[in-house]
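Residue numbering restarts at 1 for every chain, and letters A, B, ... go by the order of the sequence lines. These values consider heavy atoms only, across backbone and side chains, with no hydrogens, waters or symmetry-generated copies.
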Number of protein chains: 2
Amino acid sequence: MCRMARPRKPLLSRDLIVDTAGALVDAEGLDAVSTRRIAAELGVSGPSLYNHFRNKDEILDAVADAVSARIDLSMFDADDPRDWRTALHDWALSYRAALRAHPNAVPVLARGPGRRPAGLRVADAVFGAMVRAGWPPAQATSIGALMRYFVTGSALGSFARGFVDDAAAYDPADYPHLGQAHLLAERQEQVDEGAFATGLTALLDGLALQYEAGVRGGWSARGA
Amino acid sequence: MCRMARPRKPLLSRDLIVDTAGALVDAEGLDAVSTRRIAAELGVSGPSLYNHFRNKDEILDAVADAVSARIDLSMFDADDPRDWRTALHDWALSYRAALRAHPNAVPVLARGPGRRPAGLRVADAVFGAMVRAGWPPAQATSIGALMRYFVTGSALGSFARGFVDDAAAYDPADYPHLGQAHLLAERQEQVDEGAFATGLTALLDGLALQYEAGVRGGWSARGA
DNA sequence: ACCTGAACACCGTTCAAGT
DNA sequence: ACCTGAACACCGTTCAAGT
């Protein structure tokens, strides 16, 4: 009579499940997460979760959306809608920080917003702000897409972590220029931060060039 | 006596396993691939694979490396080592094409080269070419990293495919700027191609600016 | 050396049963 | 409505056994 089939107060909730699953993703990675482990962590039996989510993918989607929800979007409400460059820059930093805080969840996020509310809010905010700043809609779409490529790419595959911390792995006869590659694993943080900063600056500089050209040329053909 | 424990000619080989696994990844996605299915496809029992690979991850690594092996690197042997921009541009196109041909394998590739020979050859070639073109080593490393971020990001999360082909999913009250979002799913190809082209141009334009500034300033502090 | 079947400890998910 | 145990059809991997 202590462990009943149904207590008067529900043992589970969507939030509880998402929090537990998220902690498991962070601590042990995506592969280590099973519905049975989430349930065990919550002190219930495996199938209980199916009262709150249709399947495992829906749980992981919710975990990913919780990460998206932490991306700051306030810079897109700025007074000067024409300063798209600053807004985009600040957003990119917040975007990346949110993902780097939960690197194991990035593969799920990288699949796109789908129907995830927080993910859609992000796409909506950046698109709206770029249009307001004077970018044609087609270009605004491209900017949302290419920023996602760059940020998720940088959060997903830490460049430096991708190399092995073992000098013998990189035979100079095979890879004449990778003599120091095993050092990358050590300096992981700086390498990835440096590459991200360099790439972001290049991206924004390049977009500024396109913006100026567009304004000068009246955005020629593809304006609508 | 027909089905012996060991035939005089091996039934399996690493290449045979990789080809079968790769076809399965392409046709049904990463989740559908199991060691037992690969084995079944080859007409052998599941554990047989373990005579040729240590575990399933090693098989998937080999599949990913086969994709990397299809990336063209010949542009880095160009006569004029100083034309890094053209080489980088052509390489990015080939890189992306190789990944888009096997989108389901991209999550494995995105983990980094590790000890995969073809992946390392790519990293080696781009780093070597950038140094030859006059970039300081630290910048050359950044370029390799940021290009990987952008290309894998673009191949992994097709921006357009990330949206659902269903107008009702994007309530204008919630997402004021996503009125046409459901159309993205239809025009997937063009949207992603356009965003990639825009981003690549911006990236190269921005890097050219940094290169010029570096040459003019003698690459100031971080030259070594 | 290379393949087999049996076995172990897992999976995601369905479903009838309980309250 | 919400949880349970039992069950189904799977997993990756190990290992002793066969040739």
Taken to the nearest whole Å, CZ/A/Arg54 to P/C/dG12 is 18 Å
Here the distance between atom P of C/dC15 and atom CG of A/Asn51, to the nearest Å, is 14 Å
Q) Can a salt bridge be assigned to the pair B/Asp61 and B/Arg115 using a cut-off of 4.0 Å between side-chain N and carboxylate O? A) no
B/Leu49 atom CG is separated from D/dG12 atom C1', nearest whole Å, by 11 Å
Shortest non-hydrogen pair, A/Ser68 vs A/Val122, comes out as O-CG2, 4.2 Å
B/Asp57 atom CG is separated from D/dC11 atom C1', nearest whole Å, by 14 Å
Does B/Ser45 put a side-chain nitrogen or oxygen below 4.0 Å from OP1 or OP2 of C/dT4? yes
In whole angstroms, the gap separating C1' of D/dA16 from OH of B/Tyr50 amounts to 17 Å
**Prompt:** Yes or no on side-chain contact (heavy atoms from CB on, under 4.5 Å) for A/Val33 and A/Glu28, after CA distance, side-chain angles and deciding distance?
**Reply:** CA-CA 8 Å; A/Val33 177; A/Glu28 307 192 32; over 6 Å; no
How about A/Asp90 and A/Tyr95: does a side-chain donor come under 3.5 Å of a side-chain acceptor? no
Looking only at D/dT13, C/dG12, D/dT4, the nucleotide nearest the A/Val44 side chain is D/dT4
- Message: Measuring only between side-chain heavy atoms, which start at C-beta, is A/Thr35 closer than 4.5 Å to A/Lys56?
- Response: yes
- Message: With a 4.0 Å cut-off on N to O distance, would you call A/Arg96 and A/Glu193 a salt bridge?
- Response: yes
ask   = Is the centre of the A/Phe150 ring less than 6.0 Å from the centre of the A/Phe196 ring?
value = yes
To the nearest angstrom, the CG-C1' distance between B/Leu12 and C/dC2 comes to 9 Å
Taken to the nearest whole Å, CG/A/Asp31 to P/C/dC10 is 16 Å
By nearest-heavy-atom nucleotide on DNA chain D, the more 5' of A/Ser48 and A/Arg36 is A/Ser48
*Would you say C/dT13 has OP1 or OP2 under 4.0 Å from some side-chain N or O of A/Thr35?*
no
Taking C/dT13, D/dT13, D/dC3 as options, the one with an atom nearest any side-chain atom of A/Asn55 is C/dT13
Per-residue pairing states of DNA chain C in dot-bracket (Watson-Crick or G-U under 3.5 Å; . unpaired, | other strand) read ||.|||||...|||||.||
For D/dC11, does OP1 or OP2 lie under 4.0 Å from any side-chain N or O of B/Ser34? yes
Here the distance between atom P of D/dT14 and atom NZ of B/Lys56, to the nearest Å, is 14 Å
Nearest-nucleotide check on DNA chain D, A/His52 vs B/Pro47; residue mapping nearer the 5' end is A/His52
